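Shown next, in structure tokens, is the structure this report addresses.
Just so you know, residue 1 is the first one in the sequence shown, and it goes up from there. The model shown is predicted, which means the values in this text are computed figures rather than measured ones. Just the heavy atoms: all of them, side chains too, but no hydrogens, waters or symmetry mates, feed the values below.
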Amino acid sequence: EVQLQASGGGLVQAGGPLRLSCAASGFNFDDYAIGWFRQAPGKEREGVSCISNSDDSTYSADSVKGRFTISSDSAKNTVYLQMNSLKPEDTAVYYCAADPRAHVVMRLCRTGGMDHWGKGTLVTVSS
């Protein structure tokens with residue numbers, strides 16, 4: 001059974017950093033695309049950053065480029081999202097998701113069409 005456990009959310013002041021973790025189990029981690037998505041109140045869910053564990057390619061939304069970095073640790077079956085220079089508009093519930101179609105990680109990230117989803121972790125950025 002695929003399981004994805006997101007953690008690391010919390011309250012942070014604008015300009016500050018936060019690191020989210022997504023612990024994965026139940027599938028071959030090195031073959032999957034794993035991504036971070038977020039949904040703010042009253043808004044649609046959007047892809048934030050995604051990584052293909054098969055070739056280490058990454059994709060990030062324009063809104064977070066230069067501020068957020070996605071990374072993967074295959075020894076720990078964990079994907080991280082390092083978020084720097086946080087803004088109030090980054091406030092959202094952040095979800096991690098996984099999909100075996102790692103070769104189309106960009107499309108999966110843009111469309112949110114991943115097969116497996118974990119529960120979210122709330123990130124609140126105060127101004």
Side-chain angles (χ1 to χ4, degrees):
E1 178 187 5
V2 173
Q3 292 192 347
L4 300 163
Q5 181 65 52
S7 62
L11 174 64
V12 62
Q13 287 190 335
L18 202 62
R19 189 178 79 158
L20 304 182
S21 300
C22 175
S25 63
F27 60 95
N28 192 340
F29 185 82
D30 291 341
D31 290 342
Y32 271 57
I34 298 181
W36 287 98
F37 298 79
R38 67 185 181 187
Q39 187 164 22
K43 294 188 176 181
E44 293 186 355
R45 185 177 62 195
E46 65 170 335
V48 177
S49 292
C50 300
I51 186 167
S52 164
N53 282 333
S54 65
D55 65 7
D56 295 329
S57 59
T58 62
Y59 167 83
S60 291
D62 288 343
S63 59
V64 304
K65 281 181 180 177
R67 300 189 298 124
F68 291 10
T69 302
I70 190 169
S71 62
S72 182
D73 186 340
S74 61
K76 296 182 178 180
N77 278 14
T78 300
V79 170
Y80 303 97
L81 184 68
Q82 178 66 45
M83 306 185 292
N84 297 327
S85 303
L86 281 161
K87 305 175 181 180
E89 51 264 43
D90 294 318
T91 295
V93 177
Y94 284 71
Y95 301 88
C96 64
D99 194 283
R101 296 164 289 176
H103 59 290
V104 290
V105 59
M106 182 183 296
R107 174 164 63 87
L108 293 171
C109 211
R110 286 177 170 173
T111 64
M114 295 206 173
D115 280 352
H116 307 285
W117 292 81
K119 294 182 179 179
T121 185
L122 176 62
V123 173
T124 304
V125 184
S126 64
S127 57

If only atom types and distance count, is the side chain of N84 paired as donor or acceptor with the main-chain N or O of P17 below 3.5 Å?
no
To the nearest 0.5 Å, what is the distance between OG on S52 and CG on D31?
9.0 Å
Over all atoms of both residues, closest heavy-atom pair of N53 and S72:
OD1-OG, 2.7 Å
Return yes if some donor-acceptor pair links the side-chain N/O of T124 with the main-chain N/O of T91 below 3.5 Å, else return no.
no
Do F68 and W36 make a side-chain contact, defined as non-hydrogen atoms from C-beta onward lying under 4.5 Å apart?
no
Is it the case that more than 12 heavy atoms not belonging to Q5 sit under 6.0 Å from its CD atom?
no
Check against side chain to side chain contact (heavy atoms under 4.5 Å, CB included), L108 and C50:
CA-CA 8 Å; L108 293 171; C50 300; over 6 Å; no
Can you give me the closest heavy-atom contact between D115 and R101, atom names plus distance?
OD1-NH2, 3.5 Å
Taking the side chain as C-beta and beyond, is there a heavy-atom pair between F27 and L4 under 4.5 Å?
yes
Using 0.5 Å steps for rounding, measure from the CG atom of L122 to the CZ atom of R38.
12.5 Å
How close do A6 and T121 get, counting heavy atoms only, and between which atoms?
CB-CG2, 4.1 Å
Cluster question for you: counting only ILVMFWY and a side-chain heavy-atom cut-off of under 4.5 Å, with indirect links fine, are Y80 and M83 together?
no
Determine, using the 4.5 Å side-chain heavy-atom cutoff (strictly less than), whether Y94 and W117 are members of one ILVMFWY cluster.
no
Considering all heavy atoms of both residues, which atom of S126 and which atom of L11 are nearest to each other, and what is their separation?
CB-CD1, 4.2 Å
For the CG atom of D30 and the OG atom of S54, what is their distance to the nearest 0.5 Å?
9.0 Å
May I ask whether V125 and L20 are part of the same hydrophobic cluster, defined by side-chain heavy atoms of I, L, V, M, F, W, Y residues being less than 4.5 angstrom apart, directly or through others?
yes
Please check: side-chain N/O of N77 versus main-chain N/O of S25, any donor-acceptor pairing under 3.5 Å?
no
Using a 4.5 Å cut-off on heavy atoms from C-beta on, say whether the side chain of S49 contacts that of V64.
yes
Write down the atom of A61, the atom of G47, and the distance for their closest heavy-atom approach.
CB-O, 3.4 Å
Same cluster for V48 and I70 if Ile/Leu/Val/Met/Phe/Trp/Tyr side chains link at under 4.5 Å?
yes
Flag the pair D90 and K87 as a salt bridge only when some basic side-chain nitrogen lies within less than 4.0 angstrom of an acidic carboxylate oxygen.
no
What I'd like to find out is whether the side chain of L81 reaches to under 4.5 Å of the side chain of V79, using heavy atoms alone.
no
Shortest non-hydrogen separation from F37 to A97 and the atoms involved
CE1-CB, 3.9 Å
Nearest 0.5 Å please: distance from the SG atom of C96 over to the CE atom of M114.
10.0 Å
Would E46 and S63 satisfy side chain to side chain contact (heavy atoms under 4.5 Å, CB included), going step by step from the backbone distance to the final call?
CA-CA 10 Å; E46 65 170 335; S63 59; 4.3 Å; yes
Linking I/L/V/M/F/W/Y whenever their side-chain heavy atoms sit closer than 4.5 Å, directly or via other members, would V2 and I34 fall into one cluster?
yes
